[in-house]
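Source: prediction; values computed, not measured. We number each residue from 1, following the sequence as shown.
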Amino acid sequence: MAETANKEKKKKPRARFYLEQDSIWAQLAIIFMLISAICRLIGVWGMWGDVFFRNTQILLPLCCNVLFALCVFFLGKRGFFLSSVPVLLGVAFFVIKSFGFGSWVHTALCILLYLAVAVIYTGTVFGLIRTKWLLPPLFGLPFLYHVCIEDVAKLNDTVNPMTFAYGMQELSVLCVMISLFCVGMGLKKKMPAQPADLPKIKDPVVVPPKAEEPAAAPAEKEENPTGDNT
């Protein structure tokens, strides 16, 4: 029992992360998330005839964009863990979107990445992961891969050139990555409150009782120098 109590005392509390709404990182996160919504809406304009596509590839990502921007704006300092809700819904959107890829290998790798995003982001904002530095590379590296490899290859493809609709949808995805990258960079950790130092009390000084001094002998009568006894 004593060992269990000692372990509980040594167990560190969860980390608490927050995002200052007036910081440049928070403002960039909001701006790029709203730009993502605009690009998405332009890229899928006129494609809402299919009910499943409209619900999962238009309404769902737009709701995620707006909800995440609201979480950053209103819940940056308190309750920022609620931003995991639009992120998890966004993961669902990307998983559904990945089934439209031509290669199953590409689909499987992307699903693994999306699941990693769900676990790491949720674990970070809930304080289960005690560092924020997993988030910037989690979103920064896929951004570089998209821009430097996939998008460059698509732009150089003369057989199947990139369409305007595809380009706007891809730009929407890139803006989401930038927004989440900015959040990862802007997160700050709340330090746990330290207990106030109590004033040190000196050890009491024990003063031994003093021994009683013997009573003084009565003084002799002073002789009268004049010899007058009257």
Side-chain angles (χ1 to χ4, degrees), residues 14-44 57-95 97-98 110-152 167-191:
R14 291 184 180 181
R16 298 181 62 188
F17 291 100
Y18 69 97
L19 184 65
E20 294 181 350
Q21 293 96 325
D22 56 350
S23 67
I24 185 63
W25 293 114
Q27 294 174 9
L28 288 175
I30 294 173
I31 291 172
F32 278 104
M33 194 59 73
L34 295 179
I35 293 176
S36 172
I38 296 173
C39 293
R40 186 74 191 170
L41 189 59
I42 295 174
V44 297
Q57 301 298 299
I58 300 178
L59 296 180
L60 179 58
L62 290 178
C63 288
C64 293
N65 293 142
V66 175
L67 186 58
F68 188 85
L70 291 175
C71 286
V72 174
F73 187 78
F74 290 107
L75 302 176
K77 290 187 177 180
R78 292 185 178 180
F80 191 67
F81 61 90
L82 291 176
S83 65
S84 60
V85 174
V87 170
L88 293 176
L89 292 176
V91 167
F93 154 70
F94 281 108
V95 169
K97 183 176 182 292
S98 66
C110 287
I111 290 177
L112 290 176
L113 174 62
Y114 304 149
L115 294 178
V117 169
V119 172
I120 296 176
Y121 186 89
T122 304
T124 300
V125 295
F126 273 90
L128 300 176
I129 299 175
R130 302 184 57 80
T131 178
K132 71 171 188 177
W133 293 112
L134 294 178
L135 296 180
L138 182 65
F139 302 113
L141 294 178
F143 173 83
L144 294 176
Y145 174 81
H146 268 258
V147 173
C148 299
I149 297 179
E150 288 192 352
D151 293 341
V152 170
M168 294 304 294
Q169 294 179 44
E170 176 67 10
L171 186 58
S172 174
V173 173
L174 296 178
C175 287
V176 170
M177 295 180 185
I178 296 174
S179 177
L180 293 173
F181 174 84
C182 292
V183 167
M185 292 297 296
L187 282 181
K188 294 183 178 180
K189 184 187 294 186
K190 291 183 179 179
M191 302 304 295

- Task: Identify the residue among V183, L180, T122 that makes a side chain to side chain contact (heavy atoms under 4.5 Å, CB included) with V87.
- Result: L180
- Interatomic distance, L34 atom CG to C175 atom SG [nearest 0.5 angstrom]: 10.0 Å
- Which class fits the ring pair F80 and F68: parallel under 30°, tilted 30 to 60°, perpendicular over 60°? perpendicular
- Note, V176 side chain near M33 side chain (heavy atom, < 4.5 Å): yes
- If you round to the nearest 0.5 Å, how far is CG of L70 from CG of N65? 11.0 Å
- Query: Nearest 0.5 Å, what's the CE-OG distance between M177 and S179?
  - Reply: 12.0 Å
- Give, for atom CD1 of I30 and atom CZ of F73, the distance between the pair rounded to the nearest 0.5 Å. 6.5 Å
- Task: Please state whether the rings of F126 and F81 are parallel, tilted or perpendicular, taking 30° and 60° as the class boundaries.
- Result: tilted
- Query: When you look at NZ of K189, are more than 12 heavy atoms from neighbouring residues, nucleotides or ligands closer to it than 6.0 Å?
  - Reply: yes
- Query: Under a 4.5 Å cut-off applied to non-hydrogen side-chain atoms, are C63 and L89 in contact?
  - Reply: no
- Once you round to the nearest 0.5 Å, how far does CZ of R14 lie from CD1 of I129? 11.5 Å
- Task: Working to the nearest 0.5 Å, report the span between CD1 of I58 and CD of Q169.
- Result: 8.5 Å
- Query: Can you find a heavy atom in the side chain of L171 that is under 4.5 Å from one in the side chain of I35?
  - Reply: no
